[in-house]
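For reference, the structure is listed below as structure tokens.
Below, each value reflects all heavy atoms present in this structure, side chains not excepted, and no hydrogens, waters or symmetry copies. Every value quoted in this text rests on a predicted model; they were computed, and no experiment measured them. Protein chains get the first letters and strands the later ones, always in sequence-line order, with residue 1 at the start of each.
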Amino acid sequence: MGSQTGRVASDLVSNALSPSPSRSWARAFGDLRAGYQQRELWAHLGWQDIKQRYRRSVLGPIWITISMAVTAIALGILYAGLFGNELEVQLPNILVGFIVWAFISGCVLEGADVFIANEGLIKQLPAPLSVHVYRLVWRQTLLFAHNLIVYAIMLVVFPQDLHWTDLTAIPAFLLLAVNGAWVALLLGIITTRYRDLTPITQSVVQLMFFLTPIVWIYDDILRNPDPAIAERARLAEFNPFLHFVEIIRTPMLGQDQHLRYWVVVLVITVVGWTLALVALRLFRSRVSYWV
Amino acid sequence: MSVSTAIRPVSISTKDACVEFPIFDAKSRSLKKTVMGLVGGNIGGEGKVPIIEALRDISVDLGHGARVGLVGHNGAGKSTLLRLMSGIYEPTRGTAEINGRVAPVFDLGVGMDPEISGLENIMVRGLFLGMTRKQMEERVDDIADFTELGDFLRMPLRTYSTGMRVRLALGVVTSIDPEILILDEGIGAVDAAFLEKSKLRLKELVERSGLLVFASHSDEFLRELCDTAIWMEHGQIKAHGEIEEVLRAYKGTPA
């Protein structure tokens with residue numbers, strides 16, 4: 001018999017060991033860094049995800065653009081009638097609202113599923129967890145880019161009063177993407193452990209769609225002649241999604257930009273990333289056990 | 001084919017490493033139960049999650065140049081040990097230190113997409129194995145020659161027969177330059193004529209890699225690729241030593 005490693009099977013011995021050093025800030029940040037370095041992989045996969053969805057269809061990813069245009073035009077006409085607004089006001093609002101909401105809800109909904117959906121890869125390959133998160137945010141960014149075509153066409157049909165200051169839409173989108181990453185990371189880790197969170201997330205996102213000014217216009221309700229309604233509309237400020245939508249929609253439509261949107265979004269970014277990093281530090285090494 | 005020698009020394013070293021799986025049944029995985037549990041208190045340990053101890057007290061030291069075979073009956077913990085050595089599972093207790101880029105091959109087809117062409121799949125599979133796009137572009141011709149698939153490489157993977165898929169997957173896997181190569185059994189499931197050809201490539205691959213751990217039920221394959229062996233039983237290392245000795249001891253025990 002070779003070098004026998006038949007050690008004494010004693011629970012006392014193994015229990016006396018300190019927990020493995022997997023739980024450290026270095027490993028958590030290392031995961032994010034190593035994941036970013038594999039950008040060739042997730043960039044490729046993100047593209048492939050989009051092509052995959054429209055494989056064998058003639059128009060391919062253009063369908064993303066078409067379906068967004070059809071939905072926005074139909075709802076724009078409907079709600080312009082319902083609210084008694086001009087179509088050239090209502091339609092751009094709904095369209096940009098939809099494009100932004102598609103990105104936000106995509107990050108949240110797919111984020112809740114990000115590790116569960118990648119179970120096969122997580123169990124077969126020692127990749128950093130963040131690879132799956134980057135892939136998701138990249139895929140949503142590409143979808144967003146496809147939808148911008150509709151926005152460009154809209155600018156031709158309904159010209160907006162755009163200024164140089166409206167370039168803040170670009171940093172605003174970057175903030176959206178940065179937030180999408182922490183949401184996916186945090187929600188993904190928790191959902192992998194507690195599967196009930198998936199249907200909860202779906203319900204909440206659906207509810208928030210109605211509570212966020214996407215089809216309705218926040219300023220209109222604030223200016224409602226009935227002071228009771230105008231007062232109640234202020235409650236919408238407590239909805240974090242409002243700030244995420246308005247931070248990018250106001251510059252895209254050349255409307256007045258408010259500093260408070262930036263402040264709220266930046267605070268949420270910092271708090272959210274802190275929570276996500278804590279979760280990553282504590283449970284990064286557990287995800288492969290849970291999926 | 002470029003033969004690269006790993007520059008930095010590679011190693012796998014674990015000390016008293018354990019891998020324990022919590023088994024969340026539908027009840028304990030729910031948030032409701034955890035929340036209620038906080039309020040209602042623990043009723044006779046009902047809230048405890050049962051744990052399966054897949055690996056216990058694994059201590060190994062594998063250095064550069066190690067060629068380790070892994071034997072053991074089904075369910076002995078071979079695949080879990082390979083995942084521990086790949087860094088997929090970090091030990092729940094004890095430590096595991098892995099130095100080097102790991103290329104694990106558990107499933108030949110992981111990451112392959114039936115809807116995209118063979119050529120595109122070569123790229124994706126290579127990226128999954130830790131190669132860069134450029135490195136894979138250099139290797140595409142070599143892989144195409146090896147697979148003998150010709151124009152079929154431009155067809156979607158779903159049109160391939162099982163054998164053709166295995167050829168493609170083997171072609172990619174054996175083209176890489178891994179620092180640490182982790183192979184699970186089942187790699188020999190190819191037709192006889194092709195097997196001879198892939199054996200040679202597999203041997204070259206093993207020679208290129210800095211460290212090999214190979215789980216298999218085939219003594220012949222093990223002898224060909226490995227010089228030492230680990231015998232796993234019930235999640236523990238039963239023996240670790242020179243390959244012939246371990247194989248003899250392993251075969252001596254009734255299944």
Side-chain angles (χ1 to χ4, degrees), chain A residues 1-11 13-23 27 37-45 47-49 51-56 118 120-128 131 190-197 199-200 284-291, chain B residues 15-22 24 26 29-32 34 56-60 83 86-96 98 102-107 110-111 113 115-116 120 123-124 127-134 156 228-230 236-243 245-246 249:
Chain A
M1 191 91 257
S3 55
Q4 255 287 19
T5 352
R7 44 182 52 252
V8 194
S10 156
D11 284 322
V13 174
S14 47
N15 277 331
L17 282 167
S18 61
S20 60
S22 327
R23 287 182 180 180
R27 301 290 296 268
Q37 279 162 357
Q38 283 188 284
R39 57 188 170 277
E40 273 192 337
L41 177 64
W42 54 257
H44 188 101
L45 291 173
W47 255 119
Q48 197 183 296
D49 288 338
K51 287 195 279 178
Q52 176 70 46
R53 228 174 280 184
Y54 298 92
R55 186 81 50 190
R56 286 203 252 173
N118 286 305
L121 294 180
I122 290 174
K123 283 193 174 160
Q124 306 271 353
L125 298 161
V131 162
I190 304 174
T191 312
T192 311
R193 173 67 181 81
Y194 299 104
R195 302 291 165 108
D196 298 63
L197 226 61
I200 293 176
R284 181 190 52 79
S285 61
R286 303 300 294 161
V287 169
S288 59
Y289 285 80
W290 290 341
V291 288
Chain B
K15 195 170 180 309
D16 300 316
C18 300
V19 170
E20 298 151 316
F21 291 98
F24 308 114
R29 215 194 255 250
S30 92
L31 199 61
K32 177 182 133 205
T34 313
R56 194 159 83 187
D57 297 339
I58 301 293
S59 296
V60 286
R83 284 190 167 84
S86 311
I88 294 172
Y89 295 140
E90 289 177 23
T92 42
R93 281 178 288 156
T95 57
I98 301 149
V102 185
V105 184
F106 293 103
D107 178 346
V110 69
D113 186 333
E115 290 294 331
I116 60 179
E120 283 179 277
M123 179 61 73
V124 173
L127 289 174
F128 269 127
L129 287 165
M131 307 295 286
T132 65
R133 189 177 271 276
K134 226 176 130 195
T228 57
I230 291 174
Q236 285 177 291
I237 293 178
K238 179 114 176 177
H240 181 185
E242 202 271 318
I243 185 155
E245 287 179 44
V246 174

Chain A contact via Thr228(B) - which portion, at a heavy-atom distance below 4.5 Å: neither

Contact origin within Leu45(A) toward chain B - heavy atom pairs under 4.5 Å: side chain

Note: Glu90(B)-Arg286(A) ion pair, threshold 4.0 Å (strictly below): no

Per-residue contact mode, Val60(B) against chain A (heavy atom under 4.5 angstrom): neither

Which of Gly87(B), Ala229(B), Pro104(B) touches chain A most, by non-hydrogen pairs under 4.5 Å: Pro104(B)

Tyr194(A)-Phe24(B) aromatic ring centre distance below 6.0 Å: no

Heavy-atom closest contact (Val246(B) atom, His240(B) atom, distance): CG2-C, 4.3 Å

Toward chain A, the part of Arg133(B) with a non-hydrogen atom under 4.5 Å: both

Side chains of Gln48(A) and Asp113(B), donor plus acceptor under 3.5 Å: yes

Interchain contact, Lys123(A) with chain B, by part (heavy-atom threshold 4.5 Å): both

pair Glu20(B)-Arg56(B): side-chain heavy atoms closer than 4.5 Å: no

Aromatic plane relationship, Phe21(B) with Tyr289(A) - under 30° parallel, 30 to 60° tilted, over 60° perpendicular: tilted

Selection from Val102(B), Ile116(B), Leu129(B), Ile230(B) maximising heavy-atom pairs under 4.5 Å formed with chain A: Ile116(B)

